[in-house]
Amino acid sequence: MTPRGPRHHFACRLVWTGHGPTTNYRSYSREVRIDFDGKPSLAGSAAPAFRGDGARHNPEDLLVAALSSCHCLSYLAVCARAGIDVAAYDDEASGTLALHEGVLRFERVVLRPRVSLRGDGDAVRAERFHDEAHAGCFIARSMNFPVFYHPSITVTDQPSV
């Protein structure tokens, strides 16, 4: 299947900043630096469960963050197109790794977005917009595991900024 429409390219450079020897699984550093043109670098490592540095970002954290932020940005775009005024948005996202048929892999990610609407926002409609945002999130569409979302919507009389 040949893709149609514009293509968007994203790139980074990963540099192992740790040290060895790598002849022993327990002895080498998992520290990496991830560089992006024109953006701050990320200090990365393996997750602590895999002998990494818990103070650094790990690939599992970044995957959950990518899904959470893609859903948020897709949701805000849907609301903007519909004229829904979002006062606040936050998400408590989590992912679960599990052993399946001898292979460790993500089995699910759960998003828990909390949205506050301004004024007379239509909470029922705004909650349904999460379905549209999920369908529009290209990161979620690229995963081979389910991404669940359980939104909550409130309405506030906080004025627009």
Side-chain angles (χ1 to χ4, degrees), residues 1-14 32-50 52 54-100 103-161:
M1 178 178 181
T2 303
R4 296 184 162 195
R7 290 179 179 239
H8 304 279
H9 181 75
F10 300 89
C12 68
R13 178 174 183 253
L14 183 134
V32 298
R33 186 187 72 240
I34 307 164
D35 298 324
F36 306 88
D37 283 345
K39 300 174 187 173
S41 295
L42 291 175
S45 182
F50 309 112
R56 291 174 168 250
H57 300 290
N58 62 64
E60 297 82 8
D61 290 339
L62 297 173
L63 178 65
V64 172
L67 285 161
S68 178
S69 59
C70 187
H71 186 92
C72 172
L73 296 169
S74 297
Y75 182 79
L76 294 173
V78 170
C79 287
R81 290 184 193 110
I84 300 288
D85 193 4
V86 175
Y89 182 111
D90 70 81
D91 184 12
E92 295 288 334
S94 62
T96 304
L97 279 173
L99 199 58
H100 289 277
V103 177
L104 192 61
R105 57 174 287 183
F106 269 90
E107 69 178 4
R108 78 175 56 87
V109 167
V110 179
L111 310 177
R112 291 176 187 80
R114 289 183 303 247
V115 178
S116 179
L117 307 176
R118 283 192 188 90
D120 59 350
D122 184 344
V124 172
R125 190 169 160 223
E127 185 167 340
R128 283 196 314 262
F129 285 166
H130 282 281
D131 297 333
E132 195 173 329
H134 181 69
C137 174
F138 45 84
I139 303 293
R141 286 195 317 259
S142 301
M143 298 296 103
N144 66 352
F145 56 83
V147 178
F148 300 104
Y149 50 99
H150 305 292
S152 66
I153 310 287
T154 59
V155 178
T156 180
D157 57 4
Q158 177 185 14
S160 294
V161 180

Quiz item: Any idea which heavy atoms bring Ala140 and Val147 closest together, and the distance?
Solution: CB-CG2, 4.3 Å
Quiz item: Does the side chain of Asp35 come under 3.5 Å of the side chain of Ser41 through a donor N or O and an acceptor N or O?
Solution: yes
Quiz prompt | Reference residue Asp91; test side chain to side chain contact (heavy atoms under 4.5 Å, CB included); the match among Val64, Val115, Leu111 | solution = Leu111
Quiz item: To the nearest 0.5 Å, what is the distance between CZ (Arg81) and CG (Leu76)?
Solution: 11.0 Å
Quiz prompt | Aromatic centroids of His130 and His150 separated by under 6.0 Å | solution = no
Exercise. With side chain to side chain contact (heavy atoms under 4.5 Å, CB included) as the test, would you mind laying out the steps for Ser116 and Thr154 before giving the verdict?
Key: CA-CA 5 Å; Ser116 179; Thr154 59; 3.7 Å; yes
Quiz item: What's the shortest heavy-atom distance between Thr156 and Ala87, and which atoms?
Solution: CG2-CB, 3.9 Å
Quiz prompt | Polar side-chain atom of Ser69 near backbone of Ala65 as donor-acceptor pair, under 3.5 Å | solution = yes
Self-check item: Test applied, side chain to side chain contact (heavy atoms under 4.5 Å, CB included); reference residue, Arg125; option that passes from Ile153, Ile84, Leu117
Solution: Ile84
Quiz item: Any side-chain heavy atom of Phe50 within less than 4.5 Å of one from Leu104?
Solution: yes
Self-check item: Derivation of the side chain to side chain contact (heavy atoms under 4.5 Å, CB included) call for Met143 and Leu63
Solution: CA-CA 10 Å; Met143 298 296 103; Leu63 178 65; 3.7 Å; yes
Quiz prompt | Any donor-acceptor N/O pair, Arg108 side chain to Phe145 backbone, under 3.5 Å | solution = no
Self-check item: Matching residue for Cys137 among Ser142, Cys70, Ser68 - test: side chain to side chain contact (heavy atoms under 4.5 Å, CB included)
Solution: Cys70
Quiz item: Among Tyr149, Phe148, Phe129, Tyr75, which residue meets the ring pair (Phe, Tyr, Trp, His ring centres under 6.0 Å) test with His134?
Solution: Tyr149
Quiz item: For the residue pair Ser45 and Pro59, what are the closest heavy atoms and their distance?
Solution: O-CD, 3.4 Å
Quiz item: Between the main-chain N or O of Ala93 and the side-chain N or O of Arg112, is there a donor-acceptor pair closer than 3.5 Å?
Solution: no
Self-check item: Atom pair CZ/CD1 of Arg56 and Ile34 - distance to nearest 0.5 Å
Solution: 10.0 Å
